[in-house]
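A short worksheet on the structure shown next.
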Amino acid sequence: MPLRLFNTLSGKIEEFRPLADNQVRMYACGPTVYDYGHIGNFRTFIAVDVLRRFLRQSGYQVRHVMNITDVDDKIIRNSARDGVSVRQYTAKYEKAFLEDTETLNIERPQLVRATDHIQHMAQFIASLEKKGFAYRAEDGSYYFRIAKFPDYGKLSKKDFAGMEDGARVDVDEYDKDNARDFALWKAPKPGEAFWETPIGRGRPGWHIECSVMSMGELGETFDLHAGGEDLIFPHHENEIAQSEAMTGKPFVHFWFHARFLLVEGEKMSKSLGNFFTPRDLVLKGHKPSSIRYLLASVPYRNQLNFTFSGLKQAAESVERLRTFTLRLTTERFPEGSGESMSDLAKETIERMRAGLQDDLNTAQAQGAIFEMVRKANAAADAGQMRKDDVAPLLCAVEKFDEIFAVLKDDDQPKIQRVLDWAEMEGKLKEASQEVIAAANTQQLSDAKVEKKISEMEQARRARNFKHSDAIRAELNAAGIVVEITKDGARWRRK
RNA sequence: GGCGCGGUACCCAAGUGGUAAGGGAGAGGUCUGCAAAACCUUUAUACGUCGGUUCGAUUCCGACCCGCGCCUCCA
């Protein structure tokens, strides 16, 4: 069964079939690097990441391109305010963004920067003008003439048919033929940064970069274009207008949009004080894996209410899966195999796939894996687990993690990087005591921990529980959880 | 106002025309030197409200209430 995805363009769930048999070409709108990315941004990027990972798991080769918007009004304004070049200003936030995607295990797409393609954009605009879809305003700005593009509004389902070309609205404010016409190119105001191009001095409008760079990398028609739901209009609508006006061909087959999230039941905003970046959350003591898990656990088209209680629950869920994996890999089971476990694993893989194929129903996939965990634990407790059952069960867990990417216990180095950054930025005081304490205990190497553990085991064998408990308490204080099992002690970092 | 999405237990969250996955939290229990982990039992006469269709609706239709999004640069 093929993947079924909601396509904003048709407003329906459709079978996803790429143009080329085996290859998917997708483009995702990336960040505008004028500030740190927040969890709302990352919800979208994680949704796209889940899509990308699932496509690959389904056997497609994925060509995934993402833009970095490193020029816009805010960037121009802020860089001028700080007295630095546009590139100097954006470099910091671009770096931060890439670090954050790593922190959240978002696979890196091929990146394209807007400022690397200014000349291409200028050429593109010149061609649009030649074709009659663009015009130059008195100040040297260029606008797209939407009255020339009858399909305008087909993505956002807006009806612009009644709009007459030439009906001037707000003439004082806009130097355009029609208020709905949007800027392709902005002439510089005095003191503003600009690029020198054949169509004059200025900077690109917001939408043009995505048309130029996506088609430049992926061709005139490609499979899928993704972004947050707010981009449906005007951004993606305008991309369609520019691109299809240019080529006369369909621009994109599938439009994929992730829904906005709420934070503690309210729209995230700085004024409400519920505005968080992944860095904020890490400093508050939340693991990157918890953040990713929570952001991925609600299907992308549903509103996700991001709460601190939810973050805690996510952490517990991840812990449960990690503990299960640890159990399978450390416990000794009798030789042989019990037929039911490999069936269970197969069933689970099938259910996860079915869920994800159904418009990326991540919640269903999670339900499937947890049901397997419970059943497998029960079997192990009942002494019915066999040595050969382990591999298929682990395989199912692996399939799960190919999509969710939360099981590898690599939170600590990422947390450390955030701490290092906080120190440099003078934000270390915002870090919780727990985070700092946990980071300090990372000094304890695996070898040292192992040594302590074997000392503890010796004490236990001698039934010197006072001593063994003391060691366990000491390790615990250092962020190491020790669990005694019938096959000996096993440990993990908190 | 136009267009669209949603309202499921203490919290998060799937799902179905025939009476509710999963996770977290709570309670009780098993195991254990003690912990931890794990397992078992338990927590929705019921899926916003009111009508309608139907043998039967939480699931389909209608109205209403509530929440949310977009309607020019916010993912």
Can you tell me whether the side chain of [X] and the base of [N] have a donor-acceptor pair closer than 3.5 Å?
X: A:Arg259; N: B:rC68; answer: yes
X: A:Lys186; N: B:rC73; answer: yes
X: A:Asp469; N: B:rG33; answer: yes
X: A:Arg472; N: B:rA35; answer: yes

Kindly determine whether A:Lys312 and A:Glu316 satisfy salt bridge (Lys or Arg N to Asp or Glu O under 4.0 Å), including the steps that lead there.
-> CA-CA 6 Å; A:Lys312 219 178 137 254; A:Glu316 295 298 335; 5.2 Å; no
In terms of side-chain geometry, is the basic nitrogen of A:Glu331 or A:Lys486 positioned less than 4.0 Å from the acidic oxygen of its partner?
-> yes
A:His64 and A:Glu107: side chain donor to acceptor below 3.5 Å |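 A:His64 vs A:Glu107: no donor-acceptor pair found between side chains.
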[atom1] gap between [N] and [M], integer Å:
N: B:rU72; M: B:rG52; atom1: C1'; answer: 43 Å
N: B:rU49; M: B:rU42; atom1: P; answer: 26 Å
N: B:rU45; M: B:rG6; atom1: P; answer: 25 Å

Counting the atoms with a prime plus P, OP1 and OP2 as sugar-phosphate, which does [X] contact under 4.0 Å by heavy atoms, base, sugar-phosphate, or nothing?
X: A:Ile232; result: nothing
X: A:Phe370; result: sugar-phosphate
X: A:Phe233; result: sugar-phosphate
X: A:Gly367; result: base
X: A:Arg460; result: base
X: A:Ile369; result: nothing
X: A:Lys466; result: nothing
X: A:Asp230; result: base
X: A:Arg351; result: sugar-phosphate
X: A:Ala258; result: nothing
X: A:Lys267; result: base
X: A:Arg320; result: sugar-phosphate
X: A:His38; result: base

Could you write out RNA chain B as a dot-bracket string, with dots for unpaired bases, | for bases paired across to another strand, and Watson-Crick or G-U pairs counted at under 3.5 Å?
-> (((((((..(((.....[...)))((((((.......))))))....(((((..]....))))))))))))....
Per-nucleotide protein contact string for nucleotides 10-15 of chain B (B base, S sugar-phosphate only, - none; heavy atom under 4.0 Å) = -BSSSS
Quick check for you: among [options], whose closest atom lies nearest to any side-chain atom of [X]?
X: A:Lys158; options: B:rA37, B:rC71, B:rC39; result: B:rC71
X: A:Glu316; options: B:rG24, B:rA37, B:rA35; result: B:rG24
X: A:Arg374; options: B:rC39, B:rA75, B:rC68; result: B:rC39
X: A:Arg327; options: B:rA75, B:rA36, B:rA38; result: B:rA38

Let me know the distance between CD of A:Gln366 and C1' of B:rG23, rounded to the nearest Å.
-> 8 Å
d(CZ, A:Phe182; P, B:rC73) in whole Å = 14 Å
Ring-on-base stacking B:rA75 with A:Phe260 (under 5.5 Å, under 30°) =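 Yes, A:Phe260 stacks on the base of B:rA75, since the ring centres sit under 5.5 Å apart and the planes are within 30°.
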Candidate list A:Val50, A:Leu51, A:Leu360, test side-chain contact (heavy atoms from CB on, under 4.5 Å), partner A:Ile403, passing option =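 When A:Val50, A:Leu51, A:Leu360 are each tested with A:Ile403, the side-chain contact (heavy atoms from CB on, under 4.5 Å) holds only for A:Val50.
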What do you reckon, is NZ of A:Lys284 surrounded by more than 12 foreign heavy atoms closer than 6.0 Å?
->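 Atom NZ in A:Lys284 is not crowded, with 12 or fewer foreign heavy atoms closer than 6.0 Å.
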